[in-house]
Structure formats: structure tokens, C-alpha cells
Amino acid sequence: IRARMTQIPARGFQLADQQALDRQQKLDRDLRQAIGRNQLRLLFQPQVNLRTRQINGAESLMRWEHPELGLISPAEFIPIAEETGLIVDLGRWILGEACRQAAHWPSPIVVAVNVSPIQFQQTDIVATVEAALHRSGLPPSRLEMEITESQDLVDAGRVRDAMWRLRNLGVRLSIDDFGTGYSSLSYFRDLPFDTVKVDQSFIRDRNSDADRLLLSAILELARKMGKSTIAEGVEDEATAAWLAEAGCTSGQGYHFSRPISDLELTGLLEVERRHQVG
Ligand code: C2E
Ligand code: MG
Ligand code: MG
Ligand code: MG
């Protein structure tokens, strides 16, 4: 947070900056207590096989119900937690909680958990994952870890090591928000992962021939490299159909479902099961 102060431009330190900083500091303080006070929960957004249209997994997404400020987005508080290092404790809690809940889902439904590159650098993430799997009884093959692309992924041998060890445990790995930011193509050569999760910007901007060509090329490259693919931000049937045609394995987005509670998800899975049986 202090580092951000130094980034404030030359026009000077203004009231709006002070207010933003105050809010960040408050969120940082309050987040430390949020777990103990039961303000954090996980929602799950279904991931759907684009051919069969059946749910094959769900991504866990954090929600923070702040007593005064209301619902706070992870897009706001995760970066703060990453900056202060709190993401380590928070991340341990998330992994434990996600595995505990997913252990009740029917096999082979997978839970996809977002992990921050910081968790790879500042803790023994492999030990954390092993503990979460052991305590919950969730088979490793039903845990997928979503790692967002960042410079750290390519630079740090430590991240690559941990990814190999996780893979050897039988955990699945995916690269989140693929195609944004850094030199993603080298990942195919350097990092062990199972799934490419294509960023929503590629899914939504299919307006020009160039956009569509780029998206098809990403999907084809992934397929040829033996990776499965998932599209995030699927908001309509035309998109789902286009993606299925282009060979994308799975989809996730408001067209299928918003993030929902564990209870709602198990309800959906039960309905699917009955349809199959009946
Ligand atoms: P992400 O992992 O890329 O998650 C996708 C985001 O897109 C989620 O936002 C999700 O609710 C939203 N989304 C899903 N379907 C659609 C759609 O059809 N249209 C649109 N416009 N949006 C859709 P959310 O839940 O606000 O999470 C934001 C980000 O916060 C996540 O991006 C992830 O990077 C981070 N995050 C969330 N939970 C965790 C967590 O437990 N740990 C860590 N380290 N990061 C988390
Ligand atoms: Mg994600
Ligand atoms: Mg994503
Ligand atoms: Mg994203």
C-alpha cells in the first residue's frame, strides 16, 4: 500500500487519493479478522462441457460480506491481500474450504481454486494442498488450481518446481486469464499444466475476422499441445455454439450460471443426475 503512494502522479496528493488509501488500509485491517468473524464465503460457478452441456466442474470465487461496506469484490481485496502477504493465510483457508465442500460433490466433478503466484513464492504451497486434500478426503484429481499468468510464472524456478510437484500429486493445473499480459506462448514449453483458461476478453470480442482467427488459433494450439480448454465469460448461446464448433472443451459464464452457493450447486448436480438416470 505504501508502494502505491509513491506511484501517485506529479499533480500532487489529492483528496481522492487519500480516500482511496484510507479505504485500502481499512480493508487490509478488516480482512485480517474477516475469516474469524465468518464474513468470507465461497461461491461456485459451474463449468460446462460444451458438447454434452453437462457440468464437469465449478470454480470457487470468494465473496466478502463486510459489515459496514457491504459486499466487496475479490477484484478489490485480493490485490490488497497480495500486497500485504495476507494472501498466504487467506489462500490456505480458501483451499481448505473449497476442498471440504467439493468432497461432498459427486465424482468426478472438479473444484477449480484460484491461487495467487504469491502463494507459490511465500509458502510451501504443495504442503498446503496436501493438507487440504488429506483433511477433506477429496481425491487430488478432483482439485484444479487456477494460476493467473504473470511475469513471476516464467521467472521463478520455484513456481515451476511447485507446479511439477503438484502435478505429480495428481492435482490439475490451469493457466487463468490466458492471453492477457505476459509472454504466454513460452508457458507451453516451460510449465506443466492441463488446461488453458482463455480470458473473457477473447471470448467477448469476436467482432472482426482477426479476433475470431486469434481465438481459434489459441484453441487449436492448446489442443495440439494436448491441453484442454475452457472459455470464461460465456454470456450467450451464440458464443457457446461458436466455441463448441471451434473445439473448445468447456465453458463458464452467465449463460450457464452465475456463481452460486454450494447448496445450489449440489441441487443442480442432483437434477442432472436424475435426468441421466430417468
Ligand atoms: P477470475 O478467476 O478470472 O474469475 C472470473 C471472474 O469473472 C469472476 O469474477 C466471475 O464472477 C466473473 N464472471 C463469470 N462469468 C462471467 C460472465 O459471463 N460475464 C462476466 N462479465 N463476468 C463473469 P469475481 O468473482 O468478481 O472474481 C474476480 C477475480 O478475483 C477472479 O478472476 C480471480 O482472479 C480473483 N479471485 C476470486 N476468488 C479468488 C480466490 O479465492 N483466490 C484468489 N487468489 N483470487 C480470487
Ligand atoms: Mg479463475
Ligand atoms: Mg479467469
Ligand atoms: Mg479474469
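All residue numbers refer to positions in the sequence shown, counting from 1. In each ligand, atom 1 is the first atom listed, and ligand 1 is the first ligand listed.
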Subject >> Atom CD of Glu245 with >12 non-hydrogen neighbours under 6.0 angstrom >> reply: no
Subject >> Donor-acceptor pair between Gln45 and Gln252 side chains, under 3.5 angstrom >> reply: yes
Original post:
At under 4.0 Å between heavy atoms, which part of Glu76 makes contact with ligand 1: side chain, backbone, both or neither?
Top reply: neither
Subject >> Region of Gln252 engaging ligand 1 - heavy atom pairs below 4.0 Å >> reply: neither
Original post:
Going only through I, L, V, M, F, W and Y residues with side-chain contacts under 4.5 Å, is there a path from Leu27 to Met62?
Top reply: yes
Subject >> Closest to atom 29 (C) of ligand 1 (judged by heavy-atom distance), picking from Pro74, Gly91, Pro79 >> reply: Pro74
**OP:** Just jot down the ligand 1 atoms closer than 4.0 angstrom to any heavy atom of Ile94, in number order.
**Re:** 40 (C), 41 (O), 42 (N)
**OP:** Kindly say whether the aromatic ring centers of Phe193 and Trp164 come within a distance under 6.0 Å.
**Re:** no
Subject >> Non-hydrogen atom of Lys197 closer than 4.0 Å to ligand 1 >> reply: no
Original post:
Which of the numbered atoms in ligand 1 are below 4.0 angstrom from a heavy atom of Glu235?
Top reply: 17 (C), 18 (O), 19 (N), 20 (C), 21 (N)
**OP:** Answer yes if the side chains of Arg172 and Ser141 hold a donor-acceptor pair under 3.5 Å, and no otherwise.
**Re:** no
Original post:
What N, O or S atom of Asp177 is found closest to the Mg ion (ligand 3)?
Top reply: OD1
Original post:
Are side-chain N/O atoms of Ser116 and Glu82 paired as donor and acceptor at under 3.5 Å?
Top reply: yes
**OP:** Calculate, to the nearest 0.5 Å, the distance between atoms OG and CG belonging to Ser107 and Leu138 respectively.
**Re:** 9.0 Å
Original post:
Considering only heavy atoms, does Leu42 approach ligand 1 within less than 4.0 Å through its side chain, its backbone, both, or neither?
Top reply: neither
Original post:
With backbone taken as N, CA, C and O and side chain as the heavy atoms from C-beta onward, which portion of His255 lies under 4.0 Å from ligand 1: side chain, backbone, both, or neither?
Top reply: neither
Original post:
Without hydrogens or angle criteria, can the side chains of Gln18 and Asp22 be said to hold a donor-acceptor pair below 3.5 Å?
Top reply: yes
Subject >> Residue-ligand contact Arg204/ligand 1, heavy atom below 4.0 Å >> reply: yes
Original post:
Taking atom CZ of Arg53 as the centre, does the number of heavy atoms from other residues, nucleotides or ligands within less than 6.0 Å exceed 12?
Top reply: yes
Subject >> Vertex the Mg ion (ligand 2), arms to Asp176 OD2 and Asn114 OD1, rounded to 10° >> reply: 90°
**OP:** With heavy atoms under 4.0 Å as the rule, classify the contact between Thr148 and ligand 1 as side chain, backbone, both or neither.
**Re:** neither
**OP:** Give a yes/no verdict on whether any heavy atom in Glu59 is under 4.0 Å from an atom of ligand 1.
**Re:** yes
Original post:
Does CG in Leu263 sit with more than 12 non-hydrogen atoms of other residues, nucleotides or ligands closer than 6.0 Å?
Top reply: no
**OP:** Check whether any side-chain N or O of Asp205 sits under 3.5 Å from a backbone N or O of Phe202 as a donor-acceptor pair, and report yes or no.
**Re:** no
Subject >> Shortest non-hydrogen contact between Leu31 and Trp64, atoms and distance >> reply: N-CH2, 3.6 Å
Subject >> ligand 1 N/O within reach of Asn114 N/O, cut-off under 3.5 Å >> reply: yes
**OP:** Number the atoms of ligand 1 from 1 as they appear, then name those within less than 4.0 Å of a heavy atom of Gly253, with their elements.
**Re:** 15 (N), 18 (O)
Original post:
When you measure from the Mg ion (ligand 3) to each N, O or S atom of Glu232, which atom gives the shortest distance?
Top reply: OE1
Original post:
If you check every N/O/S atom of Glu146, which is the one nearest the Mg ion (ligand 2)?
Top reply: OE1
Original post:
Counting from 1, what ligand 1 atoms have a heavy atom of Gln45 closer than 4.0 Å?
Top reply: 14 (C), 15 (N)
Subject >> For ligand 1, the portion of Gln200 having any non-hydrogen atom under 4.0 Å away >> reply: side chain
**OP:** Considering non-hydrogen atoms only, spot the tightest contact between Ile109 and Arg142 and give its length.
**Re:** O-NE, 2.9 Å
Subject >> Criterion side chain to side chain contact (heavy atoms under 4.5 Å, CB included) on Val48 and Asn56, from CA distance to verdict >> reply: CA-CA 6 Å; Val48 174; Asn56 52 23; 5.9 Å; no
Original post:
What atoms of ligand 1 come within less than 4.0 Å of a heavy atom belonging to Asp176?
Top reply: 1 (P), 2 (O), 3 (O)
**OP:** Go through ligand 1 atom by atom and flag the ones less than 4.0 Å from a non-hydrogen atom of Pro259.
**Re:** 11 (O)
Original post:
Can you tell me the N, O or S atom of Glu59 that's nearest the Mg ion (ligand 2)?
Top reply: OE2
Subject >> Atoms of ligand 1, numbered as shown, that sit under 4.0 Å from any heavy atom of Asp177 >> reply: 3 (O)
